Colleague: 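There's a structure below that I have some questions on.
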Amino acid sequence: MIFFLDLESIFKMFKILEYIISNPYCQAPEIRDFLGIIHLSNPNKEEKEFYKLLSKLNNDGYISKVPIKKKGSGGAQFNLIILKTGAELLSRLKDFFSKKLEDKGQYPDLKAKQIVLGSMLRVFSSESVDVIEDLVRDLLGESFNNASYKIQQEIIDKINKSVEKIRDKALEITKSFF
């Protein structure tokens, strides 16, 4: 059976893990009370969901139910401890939320600027090639169109080299603004 969780349940799971790591060998009723879940002789939906979350954490290897001798007719029959995977999960979660987005390496400020700059330079270079090529075609007129492929290619190569020089200069200028 696939068990899907809503965000509220996920949040409760992390609170449960945090409680258990702070209170090893605690019992389920202690966590239930900590979460503010009211206990009734006939468990309500919230209490049932709480015990399902505990079972899920146990089955997924985040906590362990340590059996204890039964105290009277009812009550908890196990203590709870957090396992290594549960402690690591909490640690990763705390680390995740302690950082800003750019510190997480997702869209660091410098990388974002480099992406924008690279994009700007590609557009600039493309536009520059078009402008220079139009100028050469205007200056040479029909002689460019009638020139052999080899000569046309030499002219285009020289245009591309000139645009590279212009792009490099533009890069130096734009870096000063970043």
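A quick note: this is a predicted structure, and the numbers were derived from the prediction, not measured. All values below come from the heavy atoms of this structure, side chains included, with hydrogens, waters and symmetry mates left out.
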Colleague: Is a donor on one side and an acceptor on the other found under 3.5 Å between the side chain of Ser143 and the backbone of Leu140?
Modeller: yes
Colleague: How long is the straight-line distance from NZ of Lys15 back to NZ of Lys12, given to the nearest 0.5 Å?
Modeller: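 So the gap between those two atoms works out to 8.5 Å.
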Colleague: Decide whether Phe78 and Met13 are clustered together by the hydrophobic rule: side chain heavy atoms of Ile, Leu, Val, Met, Phe, Trp, Tyr closer than 4.5 Å, transitively.
Modeller: yes
Colleague: With a 4.5 Å heavy-atom cut-off, do Leu54 and Asn58 have their side chains touching?
Modeller: no
Colleague: Write down the atom of Ala28, the atom of Tyr51, and the distance for their closest heavy-atom approach.
Modeller: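 Here Ala28 and Tyr51 meet closest at CB-CE2, 3.8 Å.
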Colleague: Kindly indicate, with the supporting measurements, whether the criterion salt bridge (charged side-chain N to carboxylate O under 4.0 Å, His left out) is fulfilled by Arg137 and Glu133.
Modeller: CA-CA 6 Å; Arg137 287 181 188 271; Glu133 190 175 330; 3.0 Å; yes
Colleague: Does any N or O in the side chain of Thr85 come within less than 3.5 Å of the main-chain N or O of Gly61, such that one atom is a donor and the other an acceptor?
Modeller: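 Checked: pair present.
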Colleague: What are the two closest heavy atoms between Tyr62 and Leu17, and how far apart are they?
Modeller: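 Answer, listing the atom of Tyr62 first, then Leu17: CB-CD2, 4.0 Å.
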Colleague: Answer yes or no: is there an ion pair linking Glu154 with Lys158, defined by an N-O contact shorter than 4.0 Å?
Modeller: no
Colleague: Check whether any side-chain heavy atom of Leu89 sits under 4.5 Å from a side-chain heavy atom of Leu93, and report yes or no.
Modeller: no
Colleague: Does the pair Lys94/Glu18 count as a salt bridge with the N-to-O cut at 4.0 Å?
Modeller: yes
Colleague: Is it true that Ile37 and Leu7 fall in one hydrophobic cluster, defined by side-chain heavy atoms closer than 4.5 Å?
Modeller: yes
Colleague: Determine whether Leu57 and Ile10 fall in the same hydrophobic cluster, where Ile, Leu, Val, Met, Phe, Trp and Tyr are linked whenever their side-chain heavy atoms lie under 4.5 Å apart.
Modeller: yes
Colleague: For the residue pair Pro24 and Ile82, establish whether any side-chain heavy-atom pair is separated by less than 4.5 Å.
Modeller: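 They are not in contact (no side-chain heavy atoms under 4.5 Å apart), so the answer is no.
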Colleague: State, yes or no, whether a side-chain contact exists between Gln153 and Tyr149 at a heavy-atom distance under 4.5 Å.
Modeller: yes
Colleague: What's the separation between atom CD in Glu49 and atom NZ in Lys56, rounded to the nearest 0.5 Å?
Modeller: 14.0 Å
Colleague: Is there a donor-acceptor pair under 3.5 Å between the side chain of Asn59 and the backbone N or O of Ser55?
Modeller: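 Judged by distance alone, yes, a pair lies under 3.5 Å.
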Colleague: Would you say the side chain of Ile132 lies within less than 4.5 Å of the side chain of Ile166, judging by non-hydrogen atoms?
Modeller: yes
Colleague: Does a side-chain heavy-atom distance below 4.5 Å link Leu90 with Phe14?
Modeller: yes
Colleague: I'd like to know if the side chain of Glu164 pairs up with that of Asn160 as donor and acceptor (distance under 3.5 Å, no hydrogens or angles considered).
Modeller: no
Colleague: Check this for me: does any side-chain nitrogen of one of Glu46 and Arg32 sit under 4.0 Å from a carboxylate oxygen of the other?
Modeller: no
Colleague: Which distance, rounded to the nearest 0.5 Å, do you find between the CZ of Phe34 and the CD1 of Ile16?
Modeller: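 Output value for this atom pair is 10.0 Å.
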Colleague: Nearest 0.5 Å, please: how far is CG in Asn23 from CG in Asn79?
Modeller: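 With rounding to 0.5 Å, CG (Asn79) is 11.5 Å from CG (Asn23).
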Colleague: Got Gln27 and Leu80 here, is their nearest side-chain heavy-atom distance under 4.5 Å?
Modeller: no
Colleague: Taking Ala87's backbone N and O only, do any of them form a donor-acceptor pair with Ser91's side chain (distance below 3.5 Å, no angle check)?
Modeller: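 No; judged by distance alone, with no hydrogens or angles, the pair does not exist.
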Colleague: Provide the closest heavy-atom pair for Cys26 versus Ile31 in the form atom of the first, atom of the second, distance.
Modeller: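 Minimum heavy-atom separation between Cys26 and Ile31: SG-CD1, 3.8 Å.
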Colleague: So, does Asn44 use its side chain to make a donor-acceptor pair with the main chain of Glu47 at under 3.5 Å?
Modeller: yes
Colleague: Heavy-atom distance under 4.5 Å between the side chains of Leu83 and Ile63, does that happen here?
Modeller: no
